[in-house]
Protein chains: 2
Amino acid sequence: MMKTFSNAWQTGLSEGTAPSRDSLASATVIDVARRAGVSLATVSRVLNASAVVSPELRDKVSAAVQALEYRPNLMAQGLRKGHSNTVALLVGDIAQRHFAELTMHVQSSLEELGASLMLYNLGHSAARLKDFFARAPAMRLRGIVLAVSDGIAPSLAPLVTEARRSGVTLAAIGQDLTRFGIASIVHEERAACRRSVERLLTLGHTRIAYVGRIKGSAVGSERFRGYRTAMKAAGAFDDALVFDLAFRYAAGHDAIVRALDRGMALTAVQGGSDEIAAGAIAALRDRGLRVPEDVAIVGFGDIELGAYLRPALTTLSSHPTLAARHLRDLFDGKGTTRADLTVLPRSLVLRGSA
Amino acid sequence: MMKTFSNAWQTGLSEGTAPSRDSLASATVIDVARRAGVSLATVSRVLNASAVVSPELRDKVSAAVQALEYRPNLMAQGLRKGHSNTVALLVGDIAQRHFAELTMHVQSSLEELGASLMLYNLGHSAARLKDFFARAPAMRLRGIVLAVSDGIAPSLAPLVTEARRSGVTLAAIGQDLTRFGIASIVHEERAACRRSVERLLTLGHTRIAYVGRIKGSAVGSERFRGYRTAMKAAGAFDDALVFDLAFRYAAGHDAIVRALDRGMALTAVQGGSDEIAAGAIAALRDRGLRVPEDVAIVGFGDIELGAYLRPALTTLSSHPTLAARHLRDLFDGKGTTRADLTVLPRSLVLRGSA
DNA sequence: CTGAAAGCGCTTACAG
DNA sequence: CTGAAAGCGCTTACAG
């Protein structure tokens, strides 16, 4: 495990004394070459292991690198190579737990590749996506990862064209964008939601609300389709049972309040996210209804919170770690980066709420 | 408000036709100069408004920039200027809601400055901090923002030295690092926690547990000191009432379970975070205890979740938006960037749990 | 296996 | 007000 205790912080960089340095500026490849008594080309070669160098020279270079604490200038490298070493991650809304967790794993995956993560939070705003597209070309990014649940497809064509032209690797997480030639890593949405709703039907529920067909959310709509399929097959579909009012907690809360105010009969709720489900539980409790006795609730995504609600939340699992690992492989083995679709499974996590 | 609806995404970049382009490569300042019939220097001057240029030439350059869809290469600019335009944000743990929200606001603040956010998640790991320190010099960062609750102070000296040498702007959010000459933006921790506990004492509680003096957490310890001050003043301090077992939800849950297993008398809990408080509520409910009737609970930080717990969580407010704004000013007005301490207030948010 | 030289795309003294 | 030239720190053909 990681060292996470107080004392561990103290080890930091303190160990060892910094070599004395003549000038204030960082050492460059020229300084290294001079000190090692070789040419710039040789230094570059041993640094990048890009060609065979005799052991003697290699050792001299290594020694000089050490002595001078040489660090290659990433911007110079990038300028020369034609692209930087940073990958931009566009997230739909970092305030949603699911996106925060994904961000965490993507960052560490990228780090394994020696790449940096540039974070750009969309906050569900189309205008911000447009802004990013305008800024991106100047950065000469190595890649762009689209982790967005909104239906951004219509505005994607120019980005794809531009990316191809400039050699930026594009990837999507959470939404299938393979029809644009973008390799995509998604979770099972429709089938998972369908199975969950089928289970509720099997348990005898027919008045099952769906909360979370968020306007403009591609992923939310996808989940909704699974719900609809199951409900229609059971002859239980009713448009009045579908809610798409707002985001996150408020969506769940407001939908239930509205339903109850209308006197709507309701015995179960399939949420489009765990936050939505948590909001729904709060509203139910406010009205004196019990979960799951009066109304059963199922979430979507299995965020940490769910296990600590009471009743604990029944939900559908997700696998951000796996998604990030697939992403790494995608950036790693550049050869096999076809516009593949990777589908991660979701399974039902049974807890107390349904 | 932002456009957040389905249709808004369609406007994107689709409007207008892309200018025809001869070559596949992006236009450079040379292309612009050639097309405008001026020198590179002139192009650079109008682009950066760094010197007076005659109106005629300025217009010619602007026209060429438009026509060629010219975008300056940020890496070339950075190489020449000696530093990039990206600011690294080191967060303690992006999976904690508080950090995710902060990240969101810092990103947009930086964006206003035309800078990019490089995200580096520490996950409470000392080893990762060290890794970052090793990688950072190569990036020639414009700034580094430390948003870390752990007690990183001991390993900071080398970073500070290196930063001064290379001209990187350092800033801290959440932890007072001014003694290292680092401008810091913090929230009131000790006083806020003291006031909260004093209120519980006033309400008649004496057996008030503190959960969240997380090992190695500088901020957690700071909050704890406020608790201790209040408890000692009331003659109610008891070491057995202090818990620091784990992180996040589990910390609150496990602490209560352990306390109850020991048969400890307990009428109130001050949590070191809202997640901890939520975990505590779950544990209490598992044991058939009512909140707030049997045990009152106060959180810390006012994350969105708190308003949707039942009972809703009484907690102490925080102001990530303000913090991000202060940070922007700090990076903006480079002149006034002394190692100032900015303290943001926390107020009691009274809801149902205490 | 090694080195001298060109060049990635900018900005900024330096002359005029 | 404008331009020619040097240089930021690298990597990679090109010769040898």
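Convention: sequence-line order gives letters A, B, ...; per-chain numbering from 1. FYI, side chains are in, hydrogens and waters are out, and symmetry mates aren't considered; it's all heavy atoms of this structure.
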Nucleotide nearest [X] (side chain, heavy atoms from C-beta), chosen from [options]:
X	options	result
B:A41	C:dG9, D:dA4, D:dC10	D:dA4
B:T42	C:dA4, C:dC10, D:dT2	D:dT2
B:T28	C:dG9, D:dC10, D:dT2	C:dG9
B:V38	D:dG3, C:dT2, D:dC10	D:dG3
A:R45	C:dC10, D:dC10, D:dA13	D:dA13
A:S44	C:dC10, D:dT2, D:dT12	D:dT12

Grab the [atom1]-[atom2] distance between [X] and [N] for me, whole Å please.
X	N	atom1	atom2	answer
A:M75	C:dC10	CE	C1'	12 Å
A:Q77	C:dG7	CD	C1'	16 Å
A:L47	D:dG9	CG	C1'	12 Å
A:I30	D:dG7	CD1	C1'	10 Å
B:N73	C:dC10	CG	P	5 Å
B:K60	D:dT2	NZ	C1'	12 Å
A:L40	C:dA5	CG	C1'	10 Å
B:H83	D:dC8	NE2	C1'	13 Å

Any N/O donor-acceptor pair, A:R71 side-chain to D:dG9 base, under 3.5 Å: no
Measure the OG-NE2 distance between A:S166 and A:H83 for me, rounded to the nearest 0.5 Å. 11.0 Å
Is there a Watson-Crick or G-U wobble partner for C:dA13 with both distances under 3.5 Å, and which nucleotide is it? none
State the pairing partner of C:dA4; accept Watson-Crick or G-U wobble contacts with both distances under 3.5 Å, and report none otherwise. none
Is there a donor-acceptor pair under 3.5 Å between the side chain of A:D332 and the backbone N or O of A:R328? no
Would you confirm whether A:D93, through its side chain, and A:A95, through its main-chain N or O, come within 3.5 Å as a donor-acceptor pair? yes
Counting only side-chain N and O atoms of A:S54, is one of them less than 4.0 Å from OP1 or OP2 of C:dT2? yes
Reckon B:S39 has a side-chain N or O less than 4.0 Å from the OP1 or OP2 of D:dG3? yes
Side chains of A:S26 and B:R140: closer than 4.5 Å at any heavy-atom pair? yes
Flag side-chain contact, heavy atom, 4.5 Å: B:V29 against B:Y70: yes
Between B:V53 and B:R140, the residue closer to the 5' end of DNA chain D by nearest nucleotide is B:V53
